[in-house]
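Here is the structure we will look at.
Along the sequence shown, residues carry numbers from 1.
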Amino acid sequence: MKIAFVGKGGSGKTTLSSLFVRHLAATGAPVVAIDADINQHLGAALGLDEAEAAALPALGDHLPLIKEYLRGTNPRIASAETMIKTTPPGEGSRLLRVREDNPVYDACAREVELDGGAVRLMVTGPFTDADLGVACYHSKTGAVELFLNHLVDGPEEYVVVDMTAGSDSFASGLFTRFDMTFLVAEPTRKGVSVHRQYREYARDFGVVLRVVGNKVQGRDDVDFLRAETGDDLLVTVGHSDWVRAMEKGRPPRFEFLEDANRRALRTLQVAADATYELRDWHRYTRQMAHFHLKNATAWGNERTGADLAAQIDPGFVLGEDVGEDVTATA
């Protein structure tokens, strides 16, 4: 299952995504965790010290390798240089799976040991002031989009992405790549403002969106969130001594997380797992083509000097029954 955590800056989405990753790892499920936020804090939230987090390989630094591997023998992609962040897979493309080993994971993922298990962690890499507002900024999250476009995941496999704060992910089709999007919202007017933006986009593209109320202190906060987000509100989370200790760099073992918060994490997992039955690989593939054509027309054709619309394979539909033999091709 592909799961995104979104929300405004300071909402606690990185903390909640890290708790969810820990929860999944404790169940023994295979997990790929991806930090796609401008502020790279997921590694630290998973227990890495500053030096370990800084040493993580950046997806954005390995785009040539990622593109060359993913294009495989796809005859519609003449070279890695003509691939952009929205380039979809087709016949001959190499697909990625959660449980496998491959050159992309070798270069870009590192195993993080948690007290309840281990996960693969991937990061876009640190953002600088020079990145903001220019193409190279989106090229970093573009590596995540390429990864997800070529990913074939199944039930009880999880890819958890800590997304950029606010509505920035709408700059591409990245927000449509998920089975479930958890929007973390504080019980304030600013806290629920992002929900209105996401709800509109989610409705237009069939994205499943649920709200996780964070920093909730009482019934009044719950009532406020329910009034503002309606049936999208899934669960609420309050103060956590465990999280406070984690933020100080001294987390207890995960088994000592408060019972109420453990129940909240189980609720998130149940909701995410339920979306598996809603999967529509044909729609997913059509959406890839839709955003690829938009990017090709807007800037891709000019930048690459190629007709990127020709990269779309009209007979190809991504799905769990596709390409077992393709992924084995080295």
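The two atoms that bring E145 and G173 nearest to each other are OE2-N, 3.5 Å, heavy atoms only. Taking all atoms of both residues into account, the shortest heavy-atom contact from G60 to A143 is N-CB, 4.4 Å. Across all their heavy atoms, A306 and T82 have their closest contact at CB-CG2, 4.3 Å. When all heavy atoms of Y276 and G154 are compared, the pair lying nearest together is CE1-C, 4.3 Å. Among all heavy-atom pairs drawn from E113 and A118, the shortest one is OE1-CB, 3.8 Å. Of all non-hydrogen atoms in L65 and A107, the two that sit nearest each other are CD1-CB, 4.1 Å.
Q311 pairs in a side-chain hydrogen bond (donor to acceptor under 3.5 Å, both in side chains) with only one of the listed residues (T304, T87, N74), which is T87.
Under a hydrophobic clustering in which Ile, Leu, Val, Met, Phe, Trp and Tyr are joined whenever their side-chain heavy atoms come within less than 4.5 Å, directly or via other members, F316 and I84 fall into different clusters. A continuous path of ILVMFWY side-chain contacts below 4.5 Å connects F178 to V159, so both sit in one hydrophobic cluster. Cluster annotation: F224 is connected to L233 through the hydrophobic network of ILVMFWY side chains, with a link wherever side-chain heavy atoms come within less than 4.5 Å. The hydrophobic cluster containing L16 also contains V112, counting ILVMFWY residues as joined when their side-chain heavy atoms lie under 4.5 angstrom apart, directly or transitively. Follow the hydrophobic side-chain contacts under 4.5 Å out from I66 and you reach M83 in the same cluster.
Annotation: side chain of K8 is in contact with side chain of K190 (closest heavy-atom distance under 4.5 Å). Using a 4.5 Å cut-off on side-chain heavy atoms (C-beta onward), N214 and T236 make no contact. No side-chain heavy atom of W281 sits under 4.5 Å from any side-chain heavy atom of V322. Looking at L209 and H195, their side chains come closer than 4.5 Å, going by heavy atoms from C-beta outward. Side-chain contact check for V212 versus L268: some heavy-atom pair is nearer than 4.5 Å. Within the 4.5 Å cutoff, the side chain of V216 has heavy atoms near those of the L225 side chain. Taking 4.5 Å as the limit, every side-chain heavy atom of T188 sits out of range of all side-chain heavy atoms of V192. Looking at L70 and L96, their side chains come closer than 4.5 Å, going by heavy atoms from C-beta outward.
Y158 and D273 form a side-chain donor-acceptor contact under 3.5 Å, judged by distance and modelled atom types alone. Donor-acceptor pairing under 3.5 Å is lacking for the side chains of E186 and S11.
Within 6.0 Å of CD in Q217 there are 12 or fewer heavy atoms belonging to other residues, nucleotides or ligands. The neighbour count for D204 CG, taken as heavy atoms of other residues, nucleotides or ligands under 6.0 Å away, is above 12.
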For this session: Output, in order, the C-alpha distance, side-chain angles, deciding distance and verdict of side-chain contact (heavy atoms from CB on, under 4.5 Å) for D153 and R97.
Result: CA-CA 6 Å; D153 58 310; R97 298 180 187 273; over 6 Å; no
Problem set entry | Candidate pair T86 and M288, rule side-chain contact (heavy atoms from CB on, under 4.5 Å), full reasoning | CA-CA 7 Å; T86 53; M288 279 194 285; over 6 Å; no
For this session: Could you walk me through whether V237 and L19 pass the side-chain contact (heavy atoms from CB on, under 4.5 Å) test, one step at a time?
Result: CA-CA 12 Å; V237 179; L19 289 176; 6.0 Å; no
Exercise. Yes or no on side-chain contact (heavy atoms from CB on, under 4.5 Å) for Y284 and R279, after CA distance, side-chain angles and deciding distance?
Worked result: CA-CA 8 Å; Y284 190 82; R279 279 192 168 184; over 6 Å; no
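Separating the CG atom in L318 from the CG atom in L151 is a distance of 8.0 Å, to the nearest 0.5 Å. T285 contributes atom OG1, which lies 11.0 Å from atom CD1 of I312 (distance to the nearest 0.5 angstrom). T73 OG1 to E91 CD: the interatomic distance, rounded to the nearest 0.5 Å, is 8.0 Å. Between atom OG1 of residue T176 and atom CD of residue Q287 there is a gap of 4.5 Å, rounded to the nearest 0.5 Å. Considering CG of N39 and OG1 of T164, their distance stands at 8.5 Å, rounded to 0.5 Å.
The existence of a salt bridge linking R71 and E68 is confirmed by a sub-4.0 Å separation between a basic side-chain nitrogen and an acidic carboxylate oxygen. Using a 4.0 Å cut-off between charged nitrogen and carboxylate oxygen, D101 and R120 count as a salt-bridge pair. Between R189 and E228, no side-chain nitrogen of the basic residue sits less than 4.0 Å from a carboxylate oxygen of the acidic one, so the salt-bridge criterion is not met. For the pair K67 and E81, the salt-bridge criterion is not met [side-chain N within less than 4.0 Å of a carboxylate O].
Looking only at distances, a side-chain donor or acceptor of D179 sits under 3.5 Å from a matching main-chain atom of K2. Of the possible donor and acceptor atoms, one in the side chain of K13 sits under 3.5 Å from a partner among the backbone N and O of M163. Looking only at distances, a side-chain donor or acceptor of H292 sits under 3.5 Å from a matching main-chain atom of L308. No side-chain donor-acceptor contact under 3.5 Å links T229 to the backbone of D232. The main-chain N or O of P88 is never found under 3.5 Å from a side-chain atom of N149 such that the two would form a donor-acceptor pair. One N or O on the side chain of R76 and one on the backbone of A310 form a donor-acceptor pair closer than 3.5 Å.
Taking the ring centre of F205 as origin, the terminal cationic atom of R283 falls outside the region bounded by 6.0 Å and 45° from the ring axis.
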Show me the donor-acceptor pairs within less than 3.5 Å that the side chains of residues 23-36 make with the rest of the protein, sequence neighbours left out.
residue	atom	partner	partner atom	Å
H23	NE2	Q269	OE1	2.8
T27	OG1	L24	O	2.6
T27	OG1	A29	N	3.4
D35	OD1	D37	N	3.2
D35	OD1	Q40	NE2	3.4
D35	OD2	H41	N	3.1
D35	OD2	L42	N	2.9

Which donor-acceptor pairs under 3.5 Å do the side chains of residues 238-246 make with protein atoms, sequence neighbours left out?
residue	atom	partner	partner atom	Å
H239	NE2	D241	OD1	2.8
S240	OG	W242	N	3.3
S240	OG	V243	N	3.0
S240	OG	E258	OE1	2.9
S240	OG	E258	OE2	3.2
W242	NE1	P252	O	3.2
W242	NE1	R253	O	3.1

Under 3.5 Å donor-acceptor pairs involving side-chain atoms of residues 46-59, not counting sequence neighbours:
residue	atom	partner	partner atom	Å
D49	OD1	A51	N	3.2
D49	OD1	E52	N	2.7
E52	OE1	D49	N	2.9

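Contacts of T297 classified as side-chain contact (heavy atoms from CB on, under 4.5 Å), with partners at least two apart in sequence or in another chain: none. Residues passing the salt bridge (charged side-chain N to carboxylate O under 4.0 Å, His left out) test with R99 are E157, sequence neighbours excluded.
Between F5 and F182, the ring planes lie tilted relative to each other; the angle falls in the 30° to 60° range. The aromatic rings of F175 and F291 lie perpendicular to each other, with more than 60° between the two planes, well past the 30° mark.
The list of salt bridge (charged side-chain N to carboxylate O under 4.0 Å, His left out) pairs with a residue in residues 259-272, not counting sequence neighbours, is empty.
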